[in-house]
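We use all heavy atoms of the structure for the numbers below, so side chains are in, but hydrogens, waters and symmetry mates are not.
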Amino acid sequence: MVDVVKKGLLIILSGPSGVGKGTVRQELFKDESLNLAYSISMTTRKPRPAETDGVDYFFVSEEEFKQRIENNELLEYAQFVGNYYGTPKFYVEKLLDEGKNVVLEIEVQGALQVMARCPDALTIFLVPPSFEELERRIRGRRTEAEDVVRERLDKASKEIATKDEYKYVVENDDVLAAKEHIAKIIKENS
Ligand SMILES: Nc1nc2c(ncn2[C@@H]2O[C@H](COP(=O)(O)OP(=O)(O)O)[C@@H](O)[C@H]2O)c(=O)[nH]1
Ligand SMILES: Nc1ncnc2c1ncn2[C@@H]1O[C@H](COP(=O)(O)OP(=O)(O)O)[C@@H](O)[C@H]1O
């Protein structure tokens with residue numbers, strides 16, 4: 001008998017900068033029953049002190065990024081507050097074929113591109129309990145200069161306005177509650 005592996009789910013996790021996508025994702029990945037794999041994005045942003053190339057992102061020059069676009073190697077890409085971000089296609093396809101549920105943690109413009117190409121994708125938008133709390137979180141992280149924080153907050157209101165394009169909207173008030181909510185959604189759709 002031939003072993004046919006059921007293709008995994010493509011999961012898009014979006015939400016404004018600082019809402020807690022990375023934090024909630026780390027909790028989700030502790031739950032092995034969810035069978036998750038993370039799609040490592042490519043970016044022209046400079047690495048933060050705690051970030052590692054090939055783990056958090058593939059950090060590349062603008063020239064290299066444009067070459068990847070040219071070669072049609074990206075599933076989607078977008079510019080976000082002065083930098084390029086994109087999803088390498090090859091690993092996503094390979095992981096889905098292996099039956100993994102693949103998580104793309106991406107911003108709204110890229111998410112809309114994936115929704116158009118993959119209508120079956122499970123799309124989740126994380127919202128903060130309030131805009132004031134979002135501001136507290138993004139500033140509290142201390143990873144961006146003040147002008148970049150302002151640009152990201154300005155972008156955040158526009159991004160939150162698109163939340164109804166997503167199949168699910170989840171509030172990240174408490175990290176573990178948000179993790180549980182998303183885990184339930186993934187299980188219902190697996
Ligand atoms: N379109 C797209 N957006 C991405 C990708 N990777 C990350 N992003 C998004 O780009 C935005 C900025 O990311 P980053 O500079 O790491 O800031 P952070 O998400 O606030 O830690 C966030 O909304 C990310 O989810 C990608 O491959 N494609
Ligand atoms: N539910 C929460 N309550 C309080 N602080 C949170 C919560 N979720 C995340 N944070 C904090 O907010 C900041 C931004 O979270 P992060 O995961 O980096 O966001 P994102 O990946 O969406 O940019 C971090 O300092 C993180 O510890």
Side-chain angles (χ1 to χ4, degrees), residues 10-32 34-69 71 73-96 100-111 113-114 123-128 133-156 158-160 170 172 174-176 178-179 182-183:
L10 184 59
I11 303 167
I12 299 180
L13 181 62
S14 285
S17 180
V19 70
K21 299 180 294 298
T23 307
V24 172
R25 187 231 313 156
Q26 280 182 2
E27 289 302 323
L28 284 165
F29 273 75
K30 288 181 190 166
D31 188 341
E32 287 181 9
L34 297 174
N35 193 26
L36 300 177
Y38 182 58
S39 157
I40 303 170
S41 294
M42 191 164 281
T43 184
T44 59
R45 171 167 74 60
K46 297 277 169 285
R48 294 172 184 153
E51 288 178 329
T52 308
D53 187 36
V55 175
D56 300 288
Y57 281 107
F58 295 108
F59 294 99
V60 298
S61 65
E62 194 163 315
E63 192 186 358
E64 180 169 351
F65 197 99
K66 286 183 173 161
Q67 191 61 55
R68 304 286 177 150
I69 300 173
N71 297 349
E73 288 177 48
L74 302 179
L75 176 63
E76 59 72 37
Y77 70 93
Q79 271 186 296
F80 182 91
V81 190
N83 287 297
Y84 282 99
Y85 296 83
T87 304
K89 208 165 17 184
F90 176 78
Y91 285 106
V92 172
E93 283 170 357
K94 180 172 175 288
L95 291 164
L96 288 173
K100 287 283 186 188
N101 295 325
V102 180
V103 177
L104 309 187
E105 198 183 300
I106 63 177
E107 54 67 70
V108 170
Q109 304 162 69
Q113 294 169 41
V114 181
T123 58
I124 303 169
F125 193 89
L126 212 53
V127 289
E133 172 62 14
L134 179 69
E135 188 163 353
R136 246 193 310 278
R137 286 184 194 172
I138 194 168
R139 285 188 198 285
R141 196 172 63 184
R142 297 176 180 275
T143 48
E144 269 78 29
E146 179 57 26
D147 56 332
V148 178
V149 167
R150 289 233 185 84
E151 279 185 87
R152 283 178 177 237
L153 287 171
D154 182 47
K155 185 98 178 171
K158 296 184 184 112
E159 292 196 312
I160 293 170
V170 172
N172 177 22
D174 173 76
V175 176
L176 290 181
K179 179 260 162 182
I182 295 175

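Here the closest heavy-atom approach between residue Pro16 and residue Ala156 is recorded as CB-CB, 3.6 Å. For the residue pair Gly110 and Glu76, the shortest heavy atom distance occurs at CA-OE1, 3.1 Å. The two residues Ser39 and Thr87 come nearest to each other via the heavy atoms OG-CG2, 3.4 Å. Val60 and Met42 make their closest contact through CG2-CG, 3.6 Å (heavy atoms, listed as atom of the first residue, atom of the second, distance). Minimum interatomic distance between Gly18 and Leu134 (heavy atoms only, all atoms of both residues): C-CD1, 3.7 Å. Of all heavy-atom pairs between Leu126 and Val19, the closest is O-CG2, 3.7 Å.
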Would Ile11 and Leu36 satisfy side chain to side chain contact (heavy atoms under 4.5 Å, CB included), going step by step from the backbone distance to the final call? CA-CA 9 Å; Ile11 303 167; Leu36 300 177; 4.0 Å; yes
Apply side chain to side chain contact (heavy atoms under 4.5 Å, CB included) to the pair Phe59 and Lys46, showing each step before the final yes or no. CA-CA 7 Å; Phe59 294 99; Lys46 297 277 169 285; over 6 Å; no
So Phe90 and Glu73, side chain to side chain contact (heavy atoms under 4.5 Å, CB included) or not? Walk me through it. CA-CA 7 Å; Phe90 176 78; Glu73 288 177 48; over 6 Å; no
Ile106 and Val114: CA distance, side-chain angles, deciding distance, side chain to side chain contact (heavy atoms under 4.5 Å, CB included) verdict: CA-CA 10 Å; Ile106 63 177; Val114 181; 4.1 Å; yes
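Salt-bridge check for Lys89 with Glu93: failed, with every basic side-chain N at 4.0 Å or more from each acidic carboxylate O. Comment: Lys158 engages Asp154 in a salt bridge, judged by a side-chain N to carboxylate O separation of less than 4.0 angstrom. The pair Arg68-Glu64 meets the salt-bridge criterion, since a charged nitrogen lies less than 4.0 angstrom from a carboxylate oxygen.
Residue Ser17 is tested with Arg141, Glu144, Glu151, Glu159 for a side chain to side chain contact (heavy atoms under 4.5 Å, CB included); the sole match is Arg141.
Environment of CZ in Arg139: crowded, with over 12 heavy atoms of neighbouring residues, nucleotides or ligands closer than 6.0 Å. Annotation for Tyr77: atom OH does not count as buried by contact number, only 12 or fewer foreign heavy atoms lying within 6.0 Å. In the displayed structure, Tyr57 atom OH is contacted under 6.0 Å by more than 12 heavy atoms of other residues, nucleotides or ligands. Environment of CD in Glu146: crowded, with over 12 heavy atoms of neighbouring residues, nucleotides or ligands closer than 6.0 Å.
Judged as a salt bridge (charged side-chain N to carboxylate O under 4.0 Å, His left out), the pairs with a partner in residues 14-31 (not counting sequence neighbours) are, in order, Arg25-Glu105, Glu27-Lys30, Asp31-Lys179.
With a 4.5 Å cut-off on side-chain heavy atoms, Asn172 and Thr23 do not count as touching. Side chains of Leu75 and Leu104 form a contact here, defined as non-hydrogen atoms less than 4.5 Å apart. Residues Pro128 and Ile160 have side chains in contact (heavy-atom distance under 4.5 Å, counting atoms from C-beta outward).
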